[in-house]
2 protein chains.
Amino acid sequence: MKQLLGNLKIAVHDKLYLKDPESSLLGKKIIEHSILLIDEIGFEGLTFKKLGTAIGSNESSVYRYFENKHKLLLYLTSWYWGWIEYQLVFETHSIGDASEKLDKAIEIICRPIVEDSSYAHINEVLLNKMVINEFSKSYLTKEVDEENKEGYFSIYKRLVHRLEEMIQTINAEYKYPTSLASTIIETSLHQQFLKDHFKSITNCNNKISTADFLLNFVAKILKK
Amino acid sequence: MKQLLGNLKIAVHDKLYLKDPESSLLGKKIIEHSILLIDEIGFEGLTFKKLGTAIGSNESSVYRYFENKHKLLLYLTSWYWGWIEYQLVFETHSIGDASEKLDKAIEIICRPIVEDSSYAHINEVLLNKMVINEFSKSYLTKEVDEENKEGYFSIYKRLVHRLEEMIQTINAEYKYPTSLASTIIETSLHQQFLKDHFKSITNCNNKISTADFLLNFVAKILKK
DNA sequence: CGAATATAATAGTATTACTATCATATTTGA
DNA sequence: TCAAATATGATAGTAATACTATTATATTCG
């Protein structure tokens, strides 16, 4: 993985930033500390003023990279899904059997994150936590339709379509491949959240993983 | 339904308000217009100042009923789940067959909302839209654990447990009844949202309902 | 009818979410 | 290498938000 992704830049929609944060040290510090700060105080608590202080600079420097914190959230979540997508594509590429392929994909989506040293400024473990807690907020807005039209969610949607294709290959007669694909991703995040905060309404825990639940689930649904 | 619920007050956790909005005309107007206003401008756009104007009063009056808009959101979503729960309990009560019972429950959770004249000040159609768009935001916060301990989410969790019980009755060997129950509710909201905003990643539309997807889904998962 | 309670109006505060301006440092490219 | 361009840093300012506090005015209730 490390070797494969070593020099790959995760391509995020370029209207999500004013200046590419990957293009400078300061930009990378913004990304780095936004993840750390959101983990500490939550997305609602984040302000560009605090983020400015965290990077040893001030508000105005952050505003030169991102219009507002909503765009920053879109940037971070897009990056995350892009990163997951690469792993999924590379790690399932050589698998011939469709069922095995989908299982692997589910494992990749659900597995505990390990840090990827290719991106030194990004703490993937915390970024995953952030996606679990904040991703929904990136689209549950009044502006979702415009922003969707702009293409801000295309990486996420593409990931859903990759799962959909696998599902269709396994069972072409199954009537809801797209919904099942989007449900897999949504459920992987939701059950993870429940495990951390509403233990009484999930069976997922340290012994039973979200992947176990989803693998069982998908196997039964797609059985002919 | 109307007759049954006619005089029933949906019981919402009493720490969610400072003064019970059901106890006065002004309180009911706050509830009524908060739903309308959130539909218009979204939860992020809502302020107590705007809400005050909407009810023909001002900010300070609203603050006498609710501490802040987060508590108002918790109140509204609790009320919604309580209302759904009553329907579910009454409408499935007399059904003997467990599978039939769960199917009915899913239909109730997913069905297009019709206004319930028992609660004149609540527009259930818009409230349902609000729950789809805003419910996640009520728990995706830094305070979720404390608030959960306080019992602010108990109606929602109780609803999940009602589904869980049905699932267990149908198939006692199924290993993930709680996760399946929480997934059903989450998916019903999520697929509805996708249908409205991300059509390309769902199969649900005017012809195929979210209930169709979930019914098919649950039947396969619980088949012995 | 007077006391208690609910509502309305106004004012004030700290913070947020920016925009604008200017100074200074750093890079780069002729 | 030096001037120009660009990036960063610091400060100031604004409208709006999310409240709290106070006082005045209705309303209702014993």
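Sequence lines set the chain letters: A, B, ... in the order given, protein chains first and strands last, and positions in each chain run from 1.
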Scan nucleotides 21-30 of chain D nucleotide by nucleotide, 5' to 3', and note B when protein non-hydrogen atoms come under 4.0 Å of the base, S if they reach only the sugar-phosphate, - if neither. ----------
Suppose we screen for ring pair (Phe, Tyr, Trp, His ring centres under 6.0 Å). Which residues come up paired with [X], at least two apart in sequence or across chains?
| X | answer |
| --- | --- |
| B/Phe193 | A/Tyr139, B/His197 |
| B/Phe213 | A/Tyr176, B/Phe217 |
| B/Tyr80 | none |

At a heavy-atom distance below 4.0 Å, what parts of [range] sit against DNA chain C?
| range | result |
| --- | --- |
| residues 67-76 of chain B | none |
| residues 134-145 of chain B | none |
| residues 22-32 of chain B | B/Ser24, B/Leu26 |

Roughly how many Å is it from NZ in A/Lys49 to C1' in D/dT17, rounded to a whole number? 15 Å
With sequence neighbours excluded, what pairs up with A/Ser34 under the side chain to side chain donor-acceptor pair (under 3.5 Å) test? none
Tell me the side-chain hydrogen bond (donor to acceptor under 3.5 Å, both in side chains) pairs involving residues 44-55 of chain B, sequence neighbours left out? B/Glu44-B/Lys137
Qualifying salt bridge (charged side-chain N to carboxylate O under 4.0 Å, His left out) pairs, either residue in residues 53-75 of chain A, two or more places apart: A/Glu67-A/Lys71
So, is A/Tyr65 near the phosphate of D/dT8, with a side-chain N or O under 4.0 Å from OP1 or OP2? yes
Using the side chain to side chain contact (heavy atoms under 4.5 Å, CB included) criterion, which residues pair with B/Asp39? Sequence neighbours excluded. B/Leu126, B/Lys129
Identify the pairs formed between an N or O of the protein and an N or O of nucleotides 12-15 of chain C at a distance under 3.5 Å, and give each distance.
none

When only distance counts, do a donor and an acceptor, one from the side chain of A/Asn58 and one from the base of D/dA10, lie under 3.5 Å apart? yes
